[in-house]
Amino acid sequence: MQRIRVKKALESPSGREDVLIKGWVRTRRDAKGFSFLEINDGSCLKNLQAIIGADTAAYASLKQINTGAAVALRGALVESPGKGQKWELRVATLELIGAADATTYPLQKKRHSDEFLRSIAHLRPRTNKYGALFRIRSESACAFHHYFRQRGFYYLHTPIITGSDCEGAGELFRVTSLPPQVTGEGSLPDRFQDDFFGKPANLTVSGQLEAELFACALGSVYTFGPTFRAENSNTPRHAAEFWMIEPEVAFADLKENMDLAEDLVKKVTAHVMQHCRADLELFARFVDKRLMADLERIVDEPYTRLPYAEAVRILEKAGRRFEYPVAFGKDLQTEHERFLCEQHFKKPVIVYDYPSGIKPFYMRANDDGRTVAAMDLLVPRVGELVGGSQREERLEVIEKRMAAAGLDKRDYWWYLDIRRFGSVPHAGFGLGFERFLMMVTGVTNIRDVIPFPRTPKNLEF
Ligand code: 4AD
Ligand code: MG
């Protein structure tokens, strides 16, 4: 006899005489002559209802079985007379695999707050909401891979430990194998030669620089991996460890880059809506009532595209008091980004041609002498989902930009070689995977879309 998962049992085209189900008890209800167990094994949102008659051998072993217990149930899958489910399990035998103490099990049958569930992140995937969330996370990751694979992109693994600082924002986590006393204040710079790599090493903030090298060999590549930032900003949209998807395409310009970002977000959102319907409905019901309508707009409508200068004009004329002032040359903040896509345009917006002063050295200088070919895709709820650019492919120009940014070109000889030998226009972007999940689920805190979030002063689990 075969063990089947609850999802398969619930989708069964016909009844079955003898099936084995293993899972965790969500609830137990006792009636006269019967007991009902709701069994969940994580394969889907729904529980399988199991009925245990007083006349069965299983009935005697029910005593120790409470919410949270792991059980194995054998019986017949029969049509359910009850509402809300097609099949139920008539249990013949029941085995307790692992008991759960009813008085100390933290997940009781009531709604727990997200804050409380964060403190028990090892158990929260057993709730309906977080089970659904992490199934959506899994399906979304596959959908990104599927999208690129279908379009001839190669999946590239870029290093997690690097010696470079792609974004130049200095938000690096240092990697060292030296004992603490040696890394102590003051002794660090002259000790790098004693350290593992013989020079300063850090966790990567982006795989872009390496992705550029491979795009200029394989044509179209993407990365999908963890990235790290020591930004001490305790916001609902920033994590110290997050996953980024970074496509990079040779012979592409800014326009093609924007087309790719828009198409990617649309197709993957549509995929999730199609493949995670039951799980998404939970979020549409309990987290954000406008979710489905918003997602439909994200999938169906063309995104607005406008230069940064025009976005600034709109924000200046908005008649709003923003916490951060708006002016040409200042970076857009989340409040500005959300105003543009939630209030003004009411759909995703791509802002391009940012002032060079607020963007990293690798972005291609525009002819106007003051902007670069950058683009950010802003979406409702989240603000910036994607940041990218056409890259500076002209050796003399990028060398000047690096010098201005205080970078030593000798450290980036390999990056500059790409501009020396067969240099081509190329472009790419980074999409924050967690921010994508916030967009599709309506969850407002990044800590709730990461299995075990890493944020300032938080390293539990
Ligand atoms: O805009 P960012 O900093 O761009 C880069 O790193 C480029 N090198 C990407 C490229 O062109 N290949 O980051 C890209 C995206 C942001 O738009 C945001 O969605 C996400 O990564 N992101 C974060 N997500 C969670 N927590 C953080 N601390 C994040 N910082 C950036
Ligand atoms: Mg950015």
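Counting starts at 1 for both ligands and their atoms, following the listed order.
If you look at ligand 1, the protein residues with a non-hydrogen atom under 4.0 Å away are Cys166, Glu167, Ser206, Gln208, Arg229, Glu231, Arg237, His238, Ala239, Phe242, Met244, Glu246, Tyr362, Glu384, Leu385, Val386, Gly387, Gly388, Arg391, Gly428, Phe429, Gly430, Gly432, Arg435, Ile446.
Residues Phe228 and Phe173 keep their aromatic ring centres 6.0 Å or farther apart. Taking the six-membered ring where the residue is Trp, the centroids of Tyr352 and Tyr308 are separated by 6.0 Å or more. Residues Phe436 and Phe144 place their aromatic rings such that the two centres sit under 6.0 Å apart.
Only protein atoms were considered; those of element N, O or S under 2.8 Å from the Mg ion (ligand 2) number 1.
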Taking only distance into account, with no hydrogens and no angle test, what donor-acceptor pairs under 3.5 Å do side-chain atoms of residues 454-461 form with protein atoms, sequence neighbours excluded?
unit_1: Arg454; atom_1: NH1; unit_2: Glu460; atom_2: O; d: 3.1
unit_1: Arg454; atom_1: NH2; unit_2: Phe461; atom_2: O; d: 2.8
unit_1: Thr455; atom_1: OG1; unit_2: Asn458; atom_2: ND2; d: 3.2
unit_1: Asn458; atom_1: ND2; unit_2: Pro453; atom_2: O; d: 3.4

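Ser206 places a side-chain heavy atom less than 4.5 Å from the side chain of Glu246.
Atoms CH2 and CG, on Trp413 and Asp408 in that order, are 14.0 Å from each other to the nearest 0.5 Å.
The pair Arg394-Glu392 counts as a salt bridge, with a side-chain nitrogen and a carboxylate oxygen less than 4.0 angstrom apart.
Cation-pi geometry between Lys359 and Tyr354 is met: under 6.0 angstrom from the ring centre, within 45 degrees of the axis.
Applying the side chain to side chain donor-acceptor pair (under 3.5 Å) test to pairs two or more places apart or on separate chains, those with a residue in residues 110-126 are Tyr105-Arg126, Asp114-Lys129, Asp114-Tyr130, Arg118-Asp448, Arg124-Asp448.
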